[in-house]
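One structure below.
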Amino acid sequence: MKKLIVLLFLFTQLVITGLSQPPEIGDTLHAIHYAIHLGEINPGNQQISGHTEILCTSLVDNLDYIPLELKDLDIDSVKVGNLNLPFTHENEVVRIELASPLNTGDTLEVEVYYGGKPFHENWGGFHFSGDYAFNLGVGFISIPHNLGKSWFPCVDNFTDRATYDLYVRVADSLTAIGGGTLQDTVNHGDGTKTWHWRLDKPIPTYLASVAVGDYRLYSDEYEGINDTIPITVYARPSEIEKVEGSFVNLKSVMEWFEERFGAYPFDRIGYVGTAIGAMEHATNIAYPHSAINGNTSSESLMVHELAHMWLGDMVTCSTAEDMWLNEGWATFCALLYIKDLYDEQQFMDLLRHEQREVMRKVHIADGGYYALNNIPQEVTYGEHCLPGTFRFSVCLF
């Protein structure tokens, strides 16, 4: 009887503890649409400022506040219509107090004004590089890895998906690129213009993107199985003449993907040159300047990131612990395409080499052996699943 009482007590404590834990933001709120307005992107002091309108809906009854995430940047004010709302901003969590609670299915649009020096780590976050600025949507070191919150307030997880409008005001000499398709450029007559991009396919926040700088545009079209899809590659002036040589097989790779995975799921095939990369932002892949070199030496990287449009963007993991689902398939595609577009023996040689490297080194680099699912977040982007190392191949052959 005593044992039963102890077990009941422990069970009760676990239930109470579970009930007392604050809910995840994504469990209480769904962001339907973001309209991100960046009015300042200043490489001089490495600061940004702007405001974001978030159309959101409650997932619970009696929600008396709007929870969002924003990292490092400072909030000036929050509005609903013309009404200023009280808010707190602590430990990257924004809590916007509502005058009256929302119930399940109720929608509300809030507008958050903010600015400051955005966060970045060695990889992810919002970066300045000379006169260029760009984001990378995940951090290898940051836990959690999602870094949409580094440049706009959001519900920053792998499962909450929204559509996007992006408005970026820059000097006339600069170009601002976002996800989706270009809707308009508005010249303000004061030496600045606003670039407006729209992405109608819902994506998680870590796949949203922006890049600003002195870019030139290489454009083409791909005749897909359903639609004619525009191809855009934005590169620095010194590299624009090299784009064609580095992307010479892009259309063949697209045909290869569509034969296996179905129609391309987005409205544009896009790459943009960045100081570091690569990152599978939807329709606007961040791609290292060094890979736009006039030859196909980085073609496997081009293929890897394009594979993510199906496996990682259209369909993605729900948690960081299963990131191998994103990276494993994409890295394997970057190997398998060699068999069909180039040479089967080359494919087999690379495959066997990578299998040997997995067996010899991965457990040393990551400090142990891990099953591919539920990998600890400290090694999410470790050697078990590191992009570009074809680790997934060992699971299939």
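Quick note: numbers below take in every heavy atom, side chains included, and nothing from hydrogens, waters or symmetry partners. Only a predicted model underlies this, so the values are computations on that prediction, with no experimental measurement involved.
- Taking 4.5 Å as the limit, every side-chain heavy atom of Ile41 sits out of range of all side-chain heavy atoms of Tyr132.
- In this structure, Asp106 contributes its side chain and Asn103 its backbone to a donor-acceptor pair below 3.5 Å.
- Each of Leu207, Asn135, Thr274 was scored for a side-chain contact (heavy atoms from CB on, under 4.5 Å) with Met279, with one residue passing: Leu207.
- The CD1 atom of Ile285 sits 7.5 Å away from atom CG of Asp313, with the distance rounded to the nearest 0.5 Å.
- Looking at every heavy atom in both residues, Glu321 comes nearest to Trp324 through O-CD1, 4.4 Å.
- With hydrogens and angles disregarded, no donor-acceptor distance shorter than 3.5 Å links the side chain of Glu53 to the backbone of Ala35.
- Taking 4.5 Å as the limit, some side-chain heavy atom of Thr228 sits within range of a side-chain heavy atom of Glu221.
- Scanning all heavy atoms of the two residues, the minimum distance from Ser252 to Leu341 falls at CB-CD2, 4.0 Å.
- Note on ring orientation: taking the six-membered ring where Trp is involved, the planes of Phe332 and Phe347 are perpendicular (angle over 60°, cut-offs 30° and 60°).
- Side-chain contact check for Tyr206 versus Leu147: every heavy-atom pair is 4.5 Å or farther apart.
- By the 4.5 Å side-chain criterion applied to Ile, Leu, Val, Met, Phe, Trp and Tyr, Ile225 is assigned to no cluster and stands alone.
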> Could you go step by step and tell me if Phe128 and Phe134 meet the ring-ring contact (aromatic ring centres under 6.0 Å, His included) rule?
Replying inline: CA-CA 7 Å; Phe128 289 92; Phe134 61 96; 9.0 Å; no

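- Between Trp123 and Val138, the closest side-chain pair of non-hydrogen atoms falls below 4.5 Å.
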>> Pair Arg260, Glu258 - check salt bridge (charged side-chain N to carboxylate O under 4.0 Å, His left out), show working.
In response: CA-CA 5 Å; Arg260 285 156 180 79; Glu258 287 201 323; over 6 Å; no

Identify every side-chain donor-acceptor pair in residues 66-74 under 3.5 Å, counting partners at least two apart or on other chains, and give the distances.
residue: Glu69; atom: OE2; partner: Asp156; partner atom: N; Å: 3.2
residue: Lys71; atom: NZ; partner: Glu92; partner atom: OE2; Å: 2.5

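- Environment of NZ in Lys117: sparse, with no more than 12 heavy atoms of neighbouring residues, nucleotides or ligands closer than 6.0 Å.
- Here the CH2-CZ distance, from Trp256 to Phe261, works out to 6.0 Å after rounding to the nearest 0.5 Å.
- Summarising the geometry of Ser300 relative to Ala334, their closest heavy-atom pair is O-CB, 3.4 Å, with the distance given to 0.1 Å.
- The aromatic ring centres of Trp151 and Phe119 sit 6.0 Å or more apart.
- Residues Tyr113 and Thr52 form no side-chain contact, since every pair of their non-hydrogen atoms from C-beta on lies 4.5 Å or further apart.
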> After noting the C-alpha distance and the side-chain angles of Glu239 and Arg236, does the key distance pass the salt bridge (charged side-chain N to carboxylate O under 4.0 Å, His left out) rule?
Replying inline: CA-CA 5 Å; Glu239 285 133 13; Arg236 294 184 301 188; 2.5 Å; yes

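- Considering only residues two or more places apart in sequence or on other chains, His30 meets the ring pair (Phe, Tyr, Trp, His ring centres under 6.0 Å) condition with none of them.
- Side chain of His89 to backbone of Val94: no donor-acceptor contact under 3.5 angstrom is found.
- Using a 4.5 Å cut-off on side-chain heavy atoms (C-beta onward), Leu306 and Val253 make contact.
- Here the rule is side-chain hydrogen bond (donor to acceptor under 3.5 Å, both in side chains) with Asp165, and of His196, Gln183, His37 only His196 fits it.
- Outside the 6.0 Å centre-distance limit, the rings of Tyr234 and Tyr287 are not counted as a close aromatic pair.
- For Pro101, the side chain to side chain contact (heavy atoms under 4.5 Å, CB included) partners two or more places apart in sequence, or in a different chain, are Asp64.
- Summarising the local packing, CD of Glu40 is surrounded by more than 12 heavy atoms from other residues, nucleotides or ligands at distances under 6.0 Å.
- Using bins of under 30°, 30° to 60° and over 60° for the plane-to-plane angle, the ring pair Tyr164/Tyr34 lands in the parallel bin.
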Side-chain donor-acceptor pairs under 3.5 Å in residues 77-85, sequence neighbours left out?
none

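- Counting heavy atoms from C-beta outward, His308 and Glu327 have side chains that approach closer than 4.5 Å.
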>> One pair to check against salt bridge (charged side-chain N to carboxylate O under 4.0 Å, His left out): Arg198 and Asp184. What are the steps and the verdict?
In response: CA-CA 10 Å; Arg198 176 173 295 158; Asp184 197 8; over 6 Å; no

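- Looking only at distances, a side-chain donor or acceptor of Thr331 sits under 3.5 Å from a matching main-chain atom of Gly328.
- Atom CG of Asp131 has 12 or fewer heavy atoms from other residues, nucleotides or ligands within 6.0 Å.
- For the pair Gln47 (side chain) and Asn42 (backbone), a donor-acceptor distance under 3.5 Å is absent.
- Met348 and Leu350 fall within a single hydrophobic cluster, where Ile, Leu, Val, Met, Phe, Trp and Tyr are joined by side-chain heavy atoms under 4.5 Å apart, directly or via other members.
- Judged by distance alone, with hydrogens and angles left aside, the side-chain atoms of Trp310 form a donor-acceptor pair with the main-chain N or O of Gly262 at under 3.5 Å.
- Within a 6.0 Å sphere centred on CD of Glu241, heavy atoms belonging to other residues, nucleotides or ligands number 12 at most.
- Taking the ring centroids of Phe257 and Tyr264, they lie at or beyond the 6.0 Å cut-off.
- Here the side chains of Phe126 and Val210 are in contact, with some heavy-atom distance below 4.5 Å.
- Pro43 approaches Gly130 most closely through the heavy-atom pair CB-O, 3.4 Å.
- Shown here are the side-chain hydrogen bond (donor to acceptor under 3.5 Å, both in side chains) partners of Ser297, two or more places apart in sequence or in another chain: Asn293, Asn295.
- Here the NE2 atom belonging to His127 is positioned 8.0 Å from the CG atom belonging to Asn122, to the nearest 0.5 angstrom.
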